Amino acid sequence: MPHPSPSRVRLLVSVRDPAEAALARDHGADLIDAKDPDRGALGALPADIVRAIAAAAGDRLSSAVAGEPGDADAASACLAALAGTGVGYLKIAWAPGREAAGLRLPAGLPVIAVLFAEDGPDGADVPALAAAGFSGAMIDTRAKDGRRLTDHLPLPRLAGFAAACRAHGLLSGLAGSLRLDDIPVLAALGPGYLGFRGGLCAGADRTGGLDPQRIAEAARCLAAIVPCVEAA
Ligand SMILES: O=C[C@H](O)COP(=O)(O)O
């Protein structure tokens with residue numbers, strides 16, 4: 001499976017269906033992420049829609065969110081439900097400090113742990129994620145209430161998270177009601193990708209439709225930035 005080059009920060013765009021996947025692909029998304037924006041921060045889509053999104057992503061990497069399970073057993077079931085859909089990654093909510101015993105990760109399919117900014121994650125959470133077998137880690141916001149990632153966590157803390165992911169060989173991501181003007185500041189921290197939904201939708205409404213001009217603008221912005229540190 002291809003892996004994003006560590007030399008630049010990638011653009012992840014969350015999509016709800018194959019038509020949005022094709023739009024994101026055609027306007028410069030690097031990672032096409034299947035997610036139901038009507039069902040909160042990490043609403044999972046049905047497996048057949050995820051499969052169609054992975055196909056529509058074409059030569060782009062794809063991922064799918066698997067939900068917000070309460071423990072390792074439930075997480076294993078959520079991951080298994082989407083394991084055969086053809087996406088390159090699965091993403092699943094994971095509480096900092098959660099007991100990983102009993103977590104069964106799908107063979108050969110990298111899984112990204114999504115930590116919520118409201119829980120105050122930082123780089124100290126990363127070693128346990130690596131030990132649990134996750135291939136990546138990202139921070140997103142749980143409440144889509146207008147507050148952005150940087151309203152919850154200061155930049156040095158985000159930088160520490162990205163650095164810890166690099167140190168442990170994990171792909172890292174930052175998201176949470178990001179806007180285009182967040183790109184230069186957050187990309188400079190060297191995450192593997194920045195994740196968007198609402199900021200690339202018409203009227204910044206994450207439950208509305210994606211705006212192709214905004215996707216293209218985000219892609220242009222990211223392509224122009226060389227991170228101060230190597231992205232991971
Ligand atoms: O994975 C990224 C998320 O879909 C971000 O959604 P958001 O930009 O609406 O907070």
Side-chain angles (χ1 to χ4, degrees), residues 4 9-17 20-21 23-25 27-45 49-50 53-54 57 60-68 78 82 87-94 110-119 121 134-153 158 161-162 165 170-183 185-187 189 191-212 214-215 217-219 221-222:
V9 182
R10 301 294 163 142
L11 173 64
L12 175 148
V13 179
S14 294
V15 306
R16 64 163 80 237
D17 57 32
E20 284 196 349
L23 187 81
R25 178 198 67 208
H27 291 82
D30 299 301
L31 268 159
I32 297 184
D33 179 50
K35 172 187 286 191
D36 185 349
D38 293 326
R39 297 180 53 229
L42 284 184
L45 287 163
I49 297 181
V50 173
I53 287 172
R60 304 303 156 97
L61 282 170
S62 57
S63 60
V65 304
E68 299 181 36
C78 291
L82 294 181
V87 291
Y89 293 89
L90 290 176
K91 294 161 58 190
I92 193 146
W94 193 257
V111 178
I112 297 172
V114 183
L115 311 183
F116 287 124
E118 287 88 337
D119 298 332
F134 289 106
S135 300
M138 72 176 286
I139 303 178
D140 195 350
T141 52
R142 177 188 287 114
K144 301 300 180 182
D145 57 5
R147 284 178 297 168
R148 294 147 77 185
L149 177 66
T150 48
D151 295 326
H152 293 281
L153 297 172
L158 296 173
F161 178 80
C165 287
L170 298 191
L171 176 65
S172 68
L174 298 175
S177 300
L178 303 185
R179 300 194 306 226
L180 290 174
D181 58 8
D182 287 312
I183 290 177
V185 173
L186 294 180
L189 307 182
Y193 61 87
L194 296 181
F196 287 84
R197 172 73 195 178
L200 302 185
C201 286
D205 172 8
R206 72 192 304 276
T207 63
L210 286 169
D211 177 340
R214 288 187 191 213
I215 300 171
E217 181 62 22
C221 258
L222 271 174

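All figures in this text were calculated on a predicted structure; none of them were measured in a lab. Note: hydrogens, waters and symmetry copies are ignored here, and every other heavy atom, side chains too, is used. Counting convention: from 1, in listed order, for ligands and their atoms alike.
Near L12, meaning under 4.0 Å from any of its heavy atoms, are these atoms of ligand 1: 1 (O), 2 (C). In the vicinity of G176, heavy-atom distances shorter than 4.0 Å reach the ligand 1 atoms 10 (O). Atoms of ligand 1 found under 4.0 Å from any heavy atom of K144 (numbered from 1 in listed order, with element): 6 (O), 7 (P), 10 (O). For ligand 1, the atoms closer than 4.0 angstrom to any heavy atom of K91 are 1 (O). Short contacts between ligand 1 and A175, defined as distances under 4.0 Å to a heavy atom of the residue, involve ligand atoms 2 (C). Each of the atoms 1 (O), 2 (C), 3 (C), 4 (O) of ligand 1 lies under 4.0 Å from some heavy atom of S14. Atoms of ligand 1 lying under 4.0 Å from at least one heavy atom of G198, given by number and element, are 7 (P), 8 (O), 9 (O).
In terms of protein heavy atoms, atom 3 (C) of ligand 1 is closest to K35 NZ, 3.0 Å. The single protein non-hydrogen atom nearest to atom 9 (O) of ligand 1 is R206 NE, 2.7 Å, given as residue, atom name and distance.
If you look at S177 next to ligand 1, the close heavy atoms, those under 4.0 Å, come from the backbone and the side chain alike. Looking at R197 against ligand 1, both its backbone and its side chain come within 4.0 Å, counting heavy atoms. Of the heavy atoms in V65, none comes closer than 4.0 Å to ligand 1.
Residues satisfying the side-chain hydrogen bond (donor to acceptor under 3.5 Å, both in side chains) test with D140, not counting sequence neighbours, are K144. Considering only residues two or more places apart in sequence or on other chains, F161 meets the ring pair (Phe, Tyr, Trp, His ring centres under 6.0 Å) condition with none of them.
Closest heavy-atom contact between P121 and F116: CD-O, 3.2 Å. T141 and R148 make their closest contact through CG2-C, 4.2 Å (heavy atoms, listed as atom of the first residue, atom of the second, distance). Closest heavy-atom contact between L82 and V65: CD1-O, 3.3 Å.
Between the side chain of R60 and the backbone N or O of A29, at least one donor-acceptor pair lies under 3.5 Å. At least one donor-acceptor pair closer than 3.5 Å links the side chain of D36 to the backbone N or O of D38.
With rounding to the nearest 0.5 Å, the separation of NE2 in H27 from CG in L11 is 12.5 Å.
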